[in-house]
Amino acid sequence: MRRDSRLSGVLHILLHIARREGAPMTSELLAKAMETNPVVIRRIMSGLRDAGYVRSEKGHGGGWTLACDLAQLTLRDIYLALGSPELLAMGNRTEAPGCLLEQAVNGALNSSFMAAEALLLERFGQVTLAQLDLDVRALEAGRKNLSSCPAGQQLPSQHSKESTHDV
């Protein structure tokens, strides 16, 4: 089963955008970071724009910028802006079984799935993008070359004007 990696990818993109200190990032450059097509980026980012988390400018010098403070933006906010994709890959064999045994199994699994999703969403609401940015800075402190990220090879770091690499 294929996993939905949009949340992870969008968080990656948003941290790149934050590093640009208000300078726009094009869909093409963001697509390079996510190893996808710019059309996919525009489709994903439109939900974030509709939620007020990013802005987009068309034309020469345009691109995507943040529209809010990282400290106010949580993983849950981004998850919801993406349309609340499925959190768990597991499910019931059939949703309306005739067998009483399978009905009991479904009941136990459904309550467990709901509890797990509630816990995960609660945790998502506790983690801000500012906290993720601090995690990145801690990783940077222990590592000089961050060029393993495709977009990082072309982006200057916010805190080091001499650097040619970003996360």
Side-chain angles (χ1 to χ4, degrees), residues 1-20 25 27-56 64-143 146-152 166-167:
M1 173 179 235
R2 187 176 167 163
R3 292 184 180 192
D4 186 330
S5 62
R6 288 179 297 162
L7 180 59
S8 174
V10 167
L11 294 170
H12 178 193
I13 283 174
L14 291 173
L15 291 174
H16 272 298
I17 292 171
R19 293 289 179 101
R20 295 292 295 242
M25 286 188 75
S27 296
E28 289 74 20
L29 186 56
L30 294 172
K32 183 178 179 182
M34 296 225 358
E35 300 175 349
T36 191
N37 188 295
V39 172
V40 174
I41 297 299
R42 286 189 281 275
R43 188 177 310 125
I44 291 171
M45 296 295 282
S46 68
L48 298 178
R49 182 185 54 223
D50 294 346
Y53 303 140
V54 296
R55 289 189 278 299
S56 64
W64 298 96
T65 56
L66 288 179
C68 61
D69 181 6
L70 292 182
Q72 302 304 312
L73 194 55
T74 68
L75 301 185
R76 185 175 182 166
D77 295 329
I78 303 304
Y79 166 79
L80 294 173
L82 290 173
S84 305
E86 289 291 324
L87 290 172
L88 303 175
M90 291 190 302
N92 297 322
R93 188 177 71 87
T94 59
E95 290 303 319
C99 176
L100 295 178
L101 298 171
E102 192 166 10
Q103 288 175 18
V105 168
N106 284 4
L109 289 176
N110 285 340
S111 64
S112 297
F113 293 154
M114 288 189 307
E117 286 184 2
L119 184 61
L120 185 55
L121 289 173
E122 179 183 335
R123 179 65 180 138
F124 278 3
Q126 296 169 355
V127 179
T128 68
L129 270 69
Q131 290 168 312
L132 290 181
D133 191 51
L134 288 174
D135 291 345
V136 171
R137 295 192 192 296
L139 291 170
E140 285 177 327
R143 190 169 165 197
L146 301 175
S147 64
S148 61
C149 177
D166 197 14
V167 176

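Residue indices begin at 1 and follow the sequence shown. Below, all heavy atoms of this structure are taken into account, side chains as well, without hydrogens, waters or symmetry copies.
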Does some side-chain heavy atom of W64 sit less than 4.5 Å from a side-chain heavy atom of L48?
no
What is the distance from atom CE of M45 to atom CD1 of I17, rounded to the nearest 0.5 Å?
3.5 Å
Over 12 foreign heavy atoms within 6.0 Å of CD, Q126:
yes
Rounding to 0.5 Å, atoms CZ (R123) and CZ (R76) come to a distance of 14.0 Å
Working note: R42 + V39, criterion side chain to side chain contact (heavy atoms under 4.5 Å, CB included); need CA distance, chi angles, decisive distance, verdict.
CA-CA 5 Å; R42 286 189 281 275; V39 172; 3.7 Å; yes
Which value, rounded to the nearest 0.5 Å, describes the distance between S112 atom OG and L88 atom CG?
10.5 Å
Do the side chain of D77 and the main chain of T74 share a donor and acceptor less than 3.5 angstrom apart?
yes
When every non-hydrogen atom of Q103 is compared with those of G98, the smallest separation belongs to NE2-O, 3.7 Å
Hey, are the side chains of M34 and V40 touching, using non-hydrogen atoms and a 4.5 Å cut-off?
no
Walk me through whether L29 and R20 qualify under side chain to side chain contact (heavy atoms under 4.5 Å, CB included).
CA-CA 12 Å; L29 186 56; R20 295 292 295 242; 3.9 Å; yes
Between G52 and C68 the two heavy atoms that sit nearest each other are O-CB, 4.4 Å
Before giving the answer on side chain to side chain contact (heavy atoms under 4.5 Å, CB included), spell out for V136 and L132 the whole-Å C-alpha distance, their side-chain angles and the decisive distance to 0.1 Å.
CA-CA 6 Å; V136 171; L132 290 181; 5.6 Å; no
Return the minimal non-hydrogen interatomic distance between S27 and I41, and the atom names on each side.
O-CG1, 4.0 Å
Can you tell me how far CG of L30 sits from NE2 of H12, rounded to the nearest 0.5 angstrom?
9.0 Å
Taking atom CG of L7 and atom CG of L75, what is their separation to the nearest 0.5 Å?
6.5 Å
Taking all atoms of both residues into account, what is the closest heavy-atom pair of Q131 and T128, and its distance?
OE1-N, 2.6 Å
Can L70 and L14 be said to form a side chain to side chain contact (heavy atoms under 4.5 Å, CB included), step by step?
CA-CA 9 Å; L70 292 182; L14 291 173; 5.6 Å; no
Of all the heavy-atom pairs spanning P85 and R6, show the shortest one and how long it is.
CB-NH2, 3.2 Å
Do D133 and L129 come within less than 4.5 Å of each other through their side chains, counting heavy atoms only?
no
Expected output: side-chain N106 to main-chain T94 donor-acceptor under 3.5 Å:
yes
Note, L87 side chain near L121 side chain (heavy atom, < 4.5 Å)
yes
With a 4.5 Å heavy-atom cut-off, do K32 and E28 have their side chains touching?
no
